[in-house]
Number of protein chains: 2
Amino acid sequence: MNRNLQPTMKDVAREAGVALGTVSRVFNGYPVGEEYRERVEAAAEKLNYRINNYARGLKTNKTFCIGLLMPSLRHPFFAALIDELTAALMHRGYLTNVMITNFDPGAELKCFNLIEQNKVDGIIALTYRPDLVVESAVPVVTIDRQFHPAIPCVSSDNFRGGQMAAEKLLELGCRKLLFLRIGPEIQSEADRRGPGFEDVCRRTGTAYDSLLVNDEETEAPVYQFLSRHLQDGHLDFDGIFCNTDGLARRVMEFLERNGVRVPDEVQIIGYDGIIDFATGCYVCSTIVQPLRQMAEAAVNLLLSSETPAGEAVLRLPVTYVPGGTTRDGPAAVGDSGVYNPFHTEFR
Amino acid sequence: MNRNLQPTMKDVAREAGVALGTVSRVFNGYPVGEEYRERVEAAAEKLNYRINNYARGLKTNKTFCIGLLMPSLRHPFFAALIDELTAALMHRGYLTNVMITNFDPGAELKCFNLIEQNKVDGIIALTYRPDLVVESAVPVVTIDRQFHPAIPCVSSDNFRGGQMAAEKLLELGCRKLLFLRIGPEIQSEADRRGPGFEDVCRRTGTAYDSLLVNDEETEAPVYQFLSRHLQDGHLDFDGIFCNTDGLARRVMEFLERNGVRVPDEVQIIGYDGIIDFATGCYVCSTIVQPLRQMAEAAVNLLLSSETPAGEAVLRLPVTYVPGGTTRDGPAAVGDSGVYNPFHTEFR
DNA sequence: AGCGCTTCATGAAACGTTACATCACTGTGA
DNA sequence: TCACAGTGATGTAACGTTTCATGAAGCGCT
């Protein structure tokens, strides 16, 4: 029959002199007589047989493939998250269909369509389209956005992260705090960073202000705001919490350019835990998200498909790490602060 | 029959009152009478029918899925490459199975096995295992490594890149050049950067030196070498070409820490074209690889599966971009040098 | 020896498609 | 009027698995 193509189970069965079903059972770990098992394994080895996942998937409706919907790969936070997710999935024998949407709702629709007809066993999505998630034919776990009580969501403990940032700044001697937030206007778990921060300020009676910019296009309002509070090299705040490491870093550079020393005069804490590829150091003092645990949790929730009890959002504990924009000094990753991209311990 | 499950072609056929084959032809773009086509489309719409790629794949041996084997996602160069590749594949209607090996040969084997039994239509690989590539049952296109004359390889024009670096440094007034190379000892297209650089030095009679460190673990030899050529704040070279942006950046910081001003006293050029996520600027003056073109080419080669004429390696043109470590000034990406991660133009 | 039990190999019937050989129907030309 | 293309719908046989009903073989017991 199909010479010159890949061998099939039928070929293995003929070679081993057993029935088709027996070969199947060997490959699925069902009990098979020792002698038969050996004959089958020898034949499979000899023919270099590979099981055909498409035939199997057709029959069983399980594909061992998960769709991953992410907004970007250029941003180190998303890249690291995808890295952890693919690793966790691979570890359980799942393949990952990665789809990058570039924050484009149209692209998200296209991805969902492709994913559905490709019959993945589930989807892990960091998406901006509640409608698609809710209507999905396959199970979904979302990251950072809770769309529906029955759809599990994994995120870091953003509220606690905000609290930690405030507590840390106070502990380091700050007296007048500022919260800066920038990003697209979509309801997400990340919105709890500000409230956490303000909670501590209020409870400790600390003076604070905040600026929320719901804009995806420009950070200009932030710099205008800071300029207004700048007077001959002195800023009106001595501790700043930014909702993102990127913003923290840029605010730091803005202040330094305007003669405000960081961390001497103003201390800054960001959020995410992003590491600079060249130095291997955190780009700023930061609340780091437990990426690996989040990935593990997302995969577990998706594959066990038991709806978690109560509210369907899992908030994993964050940690604070000094990174040079606070007075508690930098914390280098790796030996000498020199990052080697081929340095696997780094993962 | 299978109520409560996804509708099948049979269901659509019954609903539309046509034969199974007719439905199939509609979905595959074969000529079908207008009236029939409409009935089928209406029925499919009504039942919310999705074609089952696993059944189709079983029958046709085409899966519209490509395996992507990459060493890392934490390094911005790989992340950007994967981004371009998934985009190019998606654009052609292909899904991408991303697998990260973390430079681990054992993991590479595991990935190849998984990929083969999952019946992808082809593989794009940046791998360290010639054996697996050569023996692969499905077509492979490699990035940066030519393993076999019949297996296409895509890379940037590394030799020309090396030449450009040297030419640029000379043009900017350098007189004593240095080439620094670090990385694992594997034969790859990147090895041509040094020879290109040296080619220009030799032809112009320029004084130059080079240091090649075949080590994946540490860059210490580089800093020892530089220390030996440092004397009270003066370095023995005034132009350095590093085989990597990361190295270039770290060398810059090392020199600055030792009182050597960059780019005033020493100018540095790196290779890759990596952009800092926080600032949106190149991390150093650099030879940038045409990632998008490389991705397009890889996908084209893989999907057209015509073996290219002659030598099977495609070397795409690089460009030089000033990035602050040379005297021709920085070139910011985007308007104000401020990078917004939600800024799609950035792609 | 014969009975019931367990264990385990067998063969065939799906799974949801595509592709191919039929066949019904229309229209044309002699 | 009839044969003959040509068009296009139909039904069926694969594709490579899993699963299930069947039945054979072995074993312990009466």
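Chain identifiers are assigned alphabetically (A, B, ...) following the order of the sequence lines, protein sequences preceding nucleic acid strands; residue numbering begins at 1 within each chain. Values below: all heavy atoms of this structure, side chains included; hydrogens, waters and symmetry mates excluded.
The number of heavy-atom neighbours closer than 6.0 Å to NZ of A:Lys62, taken from other residues, nucleotides and ligands shown, is above 12.
In this structure, A:Asn53 atom CG and D:dT18 atom P are separated by 9 Å, rounded to whole Å. Between the CD atom of B:Gln6 and the C1' atom of C:dC15 there is a distance of 14 Å, given to the nearest Å. Atom CZ of B:Arg25 is separated from atom C1' of D:dT10 by 10 Å (rounded to the nearest Å). Nucleotide D:dT22 holds its P atom 19 Å from the CG atom of A:Leu20, rounded to whole Å. Rounded to whole Å, the distance from OH on B:Tyr49 to P on C:dG16 is 10 Å. If you take NZ of B:Lys62 and C1' of D:dC15, they are 16 Å apart, rounded to a whole angstrom. As rounded to whole Å, 13 Å separates atom C1' of D:dG16 from atom CD of B:Gln117. Straight-line distance from the CZ atom of A:Arg14 to the C1' atom of C:dT10: 17 Å, rounded to whole Å.
End-to-end axis angle of the helix from C:dA1-D:dT30 to C:dA30-D:dT1, using five pairs per end and rounding to 10°, comes to 60°.
In this structure, a donor-acceptor pair under 3.5 Å is absent between the side chains of B:Arg74 and B:Asn102. A donor-acceptor pair shorter than 3.5 Å cannot be found between the side chains of A:Tyr54 and B:Arg56.
Nearer to the 5' terminus of DNA chain D, by closest-nucleotide assignment, is the contact made by B:Val32 (compared with the other of B:Val32 and A:Leu58).
Not one N or O on the side chain of A:Arg292 forms a donor-acceptor pair closer than 3.5 Å with the backbone of A:Glu84.
Of the candidate nucleotides C:dT18, D:dT17, D:dT10, D:dT17 has the atom lying nearest to any side-chain atom of A:Ala55. Taking only side-chain atoms of B:Tyr36, from C-beta outward, the nucleotide of C:dT10, D:dT18, D:dT10 with the closest atom is D:dT10. Nearest nucleotide to the A:Tyr30 side chain, out of D:dT18, C:dT18, D:dT19: D:dT19. Residue B:Ile51 has its side chain nearest to C:dT18 when only D:dT10, C:dT18, C:dT10 are considered. For A:Arg56, the side-chain atoms get nearest to D:dT18 when compared with the rest of C:dA19, D:dT18, C:dT17. When the nucleotides D:dG11, C:dA9, D:dT17 are ranked by their closest atom to the side chain of B:Ala19, D:dG11 comes out on top. Listed nucleotides D:dT17, C:dT17, D:dT18 differ in distance to B:Asn52; the shortest reach to its side chain belongs to C:dT17.
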Please evaluate residues B:Glu108 and B:Arg129 with respect to the criterion salt bridge (charged side-chain N to carboxylate O under 4.0 Å, His left out), reporting the C-alpha separation (whole Å), side-chain torsions for both, the decisive distance (0.1 Å), and the verdict.
CA-CA 8 Å; B:Glu108 293 203 14; B:Arg129 296 205 46 175; 5.4 Å; no

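Inter-residue side-chain proximity for A:Ile123 and A:Phe112 is flagged as met; some heavy-atom pair is nearer than 4.5 Å. For the pair B:Tyr94/B:Leu303, a side-chain contact is recorded, criterion being any heavy-atom separation below 4.5 Å from C-beta on.
Regarding contacts with the backbone of D:dT18, a side-chain N or O of A:Ser24 is found under 4.0 angstrom from either OP1 or OP2. Contact check, B:Thr60 against C:dT18: no side-chain N or O comes under 4.0 Å of OP1 or OP2.
Residue contacts shown for A:Asn28 are limited to sugar-phosphate atoms, with no base heavy atom under 4.0 Å away.
Here ring pair (Phe, Tyr, Trp, His ring centres under 6.0 Å) pairs that include residues 6-32 of chain B, with residues two or more places apart or in two chains, are B:Phe27-B:Tyr49.
Residue A:Lys59 places a side-chain atom within donor-acceptor reach of the base of C:dA14, judged by atom type and a 3.5 Å distance cut-off alone.
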